[in-house]
Amino acid sequence: MPTEFFVEPYPGLPLTVRDVGAGRPVLVLHGGGGPASVSGVVNHFAATSRVLAPTHPGWEDTPRPEWFSDVGDLVETYLDLLDDRDLRDVLVLGSSFGGWIAAEMAVRDRGRRIGGLVIMGAFGPRLEGHEVRFPTAPPGPPPGEGSGPAQGPGTGYGPGPAQGPGTAQGPGTAQGPGTAEGPEHAQGPEHAQGPEHAQGPEHVQGPRAGEGSGAPVSRRGPSPAALQALAAYAGPTKSDPKLLHRLARVAVPALAVWGENDTVVPPDYGRAYAAAIPGARFELIPGAGHLPAREAPEATFAAIDAFVAATGR
């Protein structure tokens, strides 16, 4: 059965880590949608591997000290986690914001704990002509959502039918690269929050502490605290202009997996990652959007499993 452990890498910074399965260690790093957004990835690897899936401070009502405020803080914390647990040949997989963290870990892995890198829909590099925007979802449940968590097709960032009456956008509403579909996404940079707030059912969260003791509360995506944490970690530019240069230091097999219809972090980001990392591969998943492991799991996991097998791990 899945288990969790808790560590305190720094005073006042408790860290929750899901620990499930046995075998080669795999570190799974979630994006703005929180731990639930990578639950399928965790379950896939748990069948053959030991999976560690930390909750970034600031998500799931976990505390984030004000000083803990950039990608580097997360990178060093998770590298220390691998050191403290004496884990070796770790496959590090990151989705969206988690992919940025994973890539930086591979750059800074002086202890040679990491044996492979997989990034999916990751932002982080600064690309000319591209901007990752963090739109804000409206308060309350999405249209058509009842007391249950399920949402229909098209509610995420990937392809799918329209979300119902009044959701279609006419000409002139597009905001350029990196924006998502639907009226809740048609907001300017001043509303910047998190790129994964309006995705599928794994992003609908149940009751939280302080939300009362009545019926479960349906929430679309991360809590306000999680959105604040994402904004703090990513910074005002949501990118690092030096990242592509530093990726030349990555010395482990690497794979960039992207949905061909990712409108949040377009495939050009994946191509840039793969071009900057020596020997890295780029895999485009047809029909998938920002979360290919959810939207096209068979093709996504086939690509990842083939990569792992080919690298002899």
Side-chain angles (χ1 to χ4, degrees), residues 15-16 27-42 53-60 62 64 68-79 92-108 117-127 130-137 156-158 178-180 185 189 192-200 202-203 205 221-241 243-244 247 256-259 262-267 269-270 272-273 289-294:
L15 184 66
T16 303
L27 180 70
V28 176
L29 303 173
H30 67 77
S37 67
V38 291
S39 60
V41 177
V42 172
T55 298
H56 308 324
W59 274 259
E60 302 292 308
T62 59
R64 180 188 65 85
F68 197 82
S69 58
D70 61 31
V71 172
D73 291 332
L74 290 164
V75 169
E76 296 303 325
T77 296
Y78 296 146
L79 286 174
V92 179
L93 186 151
S95 174
S96 191
F97 174 59
W100 182 357
I101 303 168
E104 283 281 11
M105 288 182 66
V107 170
R108 304 189 195 186
L117 172 68
V118 177
I119 54 176
M120 298 190 298
F123 59 103
R126 183 173 298 174
L127 299 187
H130 291 289
E131 179 184 358
V132 176
R133 295 184 177 178
F134 292 177
T136 303
Y157 284 80
T179 57
H185 300 277
Q193 298 287 357
E196 295 170 57
H197 67 277
Q199 299 177 12
E202 72 270 33
H203 295 271
Q205 303 179 16
S223 68
L227 296 176
Q228 291 173 4
L230 180 59
Y233 291 133
T237 64
K238 311 169 192 69
S239 64
D240 182 342
L243 177 58
L244 289 180
L247 290 174
V257 180
W258 246 257
D262 190 339
T263 57
V264 181
V265 186
Y269 281 83
Y273 267 111
H290 187 53
L291 293 181
R294 189 199 74 192

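As a basis for the values below, the full set of heavy atoms in this structure was taken, side chains included, without hydrogen atoms, waters or symmetry mates.
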Pair Asp240-Val71, side-chain contact (heavy atoms from CB on, under 4.5 Å): steps then yes or no: CA-CA 10 Å; Asp240 182 342; Val71 172; over 6 Å; no

Those residues that, when tested against Ala102, pass side-chain contact (heavy atoms from CB on, under 4.5 Å) (two or more places apart):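 Ala102 satisfies side-chain contact (heavy atoms from CB on, under 4.5 Å) with Leu29, Val92, Leu117, Ile119 once adjacent residues are dropped.
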
For Ala225, all residues meeting side-chain contact (heavy atoms from CB on, under 4.5 Å), sequence neighbours excluded: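 Residues passing side-chain contact (heavy atoms from CB on, under 4.5 Å) with Ala225: Ser223.
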
Ring pair (Phe, Tyr, Trp, His ring centres under 6.0 Å) against Tyr273, all qualifying residues, sequence neighbours excluded: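 Per chain and number, Tyr273 pairs via ring pair (Phe, Tyr, Trp, His ring centres under 6.0 Å) with no residue.
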
To the nearest 0.5 Å, tell me how far [X] [atom1] sits from [Y] [atom2].
X	Y	atom1	atom2	answer
Leu15	Thr55	CG	OG1	7.5 Å
Ser39	Arg294	OG	CZ	10.0 Å
Glu76	Ile101	CD	CD1	12.0 Å

Any Thr16 side-chain heavy atom under 4.5 Å of Glu60 side chain: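 A side-chain contact under 4.5 Å is absent here.
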
Student check: side-chain heavy atoms of Ser95 and Val28 closer than 4.5 Å: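 Of all side-chain heavy-atom pairs linking Val28 with Ser95, none is under 4.5 Å.
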
Pairing residues for Tyr233 by the side chain to side chain donor-acceptor pair (under 3.5 Å) criterion, not counting sequence neighbours: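 If we apply the side chain to side chain donor-acceptor pair (under 3.5 Å) test to Tyr233, skipping adjacent residues, there are no hits.
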
Set of side chain to side chain donor-acceptor pair (under 3.5 Å) partners for Arg64, sequence neighbours left out: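 Arg64 satisfies side chain to side chain donor-acceptor pair (under 3.5 Å) with no residue once adjacent residues are dropped.
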
Heavy-atom pair of closest approach, residues [X] and [Y]:
X	Y	value
Ala272	Leu127	CB-CD2, 3.8 Å
Val265	Ala122	CG1-O, 3.3 Å
Gly121	His290	O-CE1, 3.2 Å
Leu74	Pro57	CD2-CD, 3.8 Å
Ser37	Gly34	OG-O, 2.6 Å
Phe123	Ala234	CE1-CB, 4.2 Å

is_close_aromatic(Tyr78, His56), centroid dist under 6.0 Å: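 Yes: the rings meet the under 6.0 Å criterion.
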
Full working for side-chain contact (heavy atoms from CB on, under 4.5 Å) between Ser239 and Val132: CA-CA 8 Å; Ser239 64; Val132 176; over 6 Å; no

Qualifying residue, where the test is ring-ring contact (aromatic ring centres under 6.0 Å, His included) with His30 and the options are Trp59, Trp100, Phe97: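 Of all the options given, the one that passes is Trp59.
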
Verdict with reasoning, Thr237 to Arg126, per side-chain contact (heavy atoms from CB on, under 4.5 Å): CA-CA 9 Å; Thr237 64; Arg126 183 173 298 174; 3.3 Å; yes

For Asp73, salt bridge (Lys or Arg N to Asp or Glu O under 4.0 Å) partners two or more places apart: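 Asp73: no salt bridge (Lys or Arg N to Asp or Glu O under 4.0 Å) contacts found.
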
